[in-house]
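Okay, structure first, notes after.
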Amino acid sequence: MKVTTIVGARPQFVKAAPVSRALAARGVAEALVHTGQHYDPQLSDVFFEQLKLRQPDHHLGVGSAAHGAQTGRMLEAIESVLTAGRPDWVLVYGDTNSTLAGALAAVKLGIPIAHVEAGLRSFNRAMPEEINRVVADHLSALLLCPTEAAVRNLAAEGITRGVHLVGDVMYDSVLYNTRLAEQAPSPLKAMGLAERGYYLATLHRPANTDDPARLSRLMAMLGGLDAPVVLPLHPRTARALATAEIAVSPGQLRATPPASYLDMLTLERHARGIITDSGGVQKEAYFFGVPCITLRAETEWVETVEAGWNTLVDCDAERFRAAVDEVARWTGDAAPFGKGATSRRDLYGDGHAAEAIVEILLDTSRH
Ligand code: UD1
């Protein structure tokens, strides 16, 4: 069996690493294609190094562009790679433009697609990711779901064949890498931060960065906290702040370059609270038992909210303040935003999602 994996953006390197390891362990040949959607060393090379991903077999060097142009360039280049390699499966991850291009290229060539992290929905089609994931799911032969909610979402769209609940490969990755992160030099020390003495924030969704009034409100909210707020800046956000001439470090806010994966895990694990608009970071907060405040109106990871570990405040300063007060009062005995809810359950599998995915691929290929 031959598999071609398509990745291109930072979270996809994290998701592909455990699956690549599991494929290698079962002797499956894998060709790795990097679309080049993320190309800054801090968003790409550092992740390959730390995750011990081998160098891509094909680097398409597509880079940044408007969504149509970027996806179109990827589509053309991926088609050439797949035509030459004729894999038995194409593996795509998550919901980026690289996912969409990989899925479209494969389906047009009649190569079956396995979609890792299938079935997620925000039910907000203004998000580019929502379009990407809906299309990828409807084109895929294997839908590898991280959560029960994802399986239900697919069923609601009439997709029941090829659907498997496997758990979350990001959880696999966190379990595997937390030990390595502990052994690495501590970013807390370098920044003079005390455990539980700071907040960690990330902000990169177009809905938050591309409207200067909204971005300015969010930065003021973050800058108004009574403890340091570490904000590793995505290049899109850095550019939006510069263009709109919004201060990057009001109050206690400490903007930094993008964090490496291992530094991010350590910063997340020891934060008093995490404030984010990223999907992956909401889950990582849950894995580490750190309260999460989400700067969006909806989330794909509904179970973190239902369990009382995540709260959605959108861009509302009052709701944000109330959530921060709850985090400050939180003693760790019950879920921070739960009504007396208790400890965390394994909502995202048992840390062996990657192995489960590879067994399903092998099994499906035999029939
Ligand atoms: C992409 C994904 C998003 C994911 C995020 C993870 C899509 C539609 N979005 O968003 O789902 O959460 O990755 O980080 O695929 N840029 C650089 N250097 C880089 C890459 C990008 O400076 O290496 C800048 C460019 O100005 C670019 C902008 O960031 O225009 C946005 O990059 P893009 O790849 O379009 O989307 P992300 O916002 O990174």
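By convention here, the first residue in the shown sequence is residue 1.
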With a 4.5 Å cut-off on side-chain heavy-atom distances among I, L, V, M, F, W and Y, is there a chain of contacts connecting [X] to [Y]?
{"X": "I6", "Y": "V28", "answer": "no"}
{"X": "I357", "Y": "V7", "answer": "yes"}
{"X": "V33", "Y": "V169", "answer": "no"}
{"X": "L144", "Y": "I159", "answer": "no"}
{"X": "Y199", "Y": "M191", "answer": "no"}

Worked verdict on R345 versus E303 for salt bridge (Lys or Arg N to Asp or Glu O under 4.0 Å): CA-CA 10 Å; R345 290 189 302 120; E303 49 291 306; over 6 Å; no
Cationic N near anionic O, under 4.0 Å, [X] to [Y]:
{"X": "R73", "Y": "E76", "result": "no"}
{"X": "E359", "Y": "R26", "result": "yes"}
{"X": "R86", "Y": "E79", "result": "no"}
{"X": "R329", "Y": "D325", "result": "no"}
{"X": "R269", "Y": "E284", "result": "no"}
{"X": "K283", "Y": "D168", "result": "yes"}
{"X": "E30", "Y": "K2", "result": "no"}
{"X": "D210", "Y": "R236", "result": "yes"}

Quick check: does any side chain N or O of [X] sit under 3.5 Å from a backbone N or O of [Y], one acting as donor and the other as acceptor?
{"X": "R196", "Y": "A271", "answer": "yes"}
{"X": "D137", "Y": "G119", "answer": "yes"}
{"X": "T364", "Y": "I360", "answer": "yes"}
{"X": "E130", "Y": "M127", "answer": "no"}
{"X": "H38", "Y": "R10", "answer": "yes"}
{"X": "D263", "Y": "P187", "answer": "no"}
{"X": "D211", "Y": "A213", "answer": "yes"}

Flag if over 12 foreign heavy atoms under 6.0 Å of CZ, R161: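 12 or below, so no.
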Parallel, tilted or perpendicular: rings of W330 and W309 (30°, 60°):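 Perpendicular: the ring planes of W309 and W330 meet at over 60°.
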Reference residue Y171; test ring-ring contact (aromatic ring centres under 6.0 Å, His included); the match among Y176, F287, Y348: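 Passing option: F287.
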Cationic tip of R217 above F320 ring, under 6.0 Å, 45° of axis: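 The answer is no, since R217 fails at least one limit relative to F320.
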Lys NZ or Arg CZ of R344 over Y286 ring: under 6.0 Å, within 45°: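 Flagged: R344 positioned over aromatic ring of Y286.
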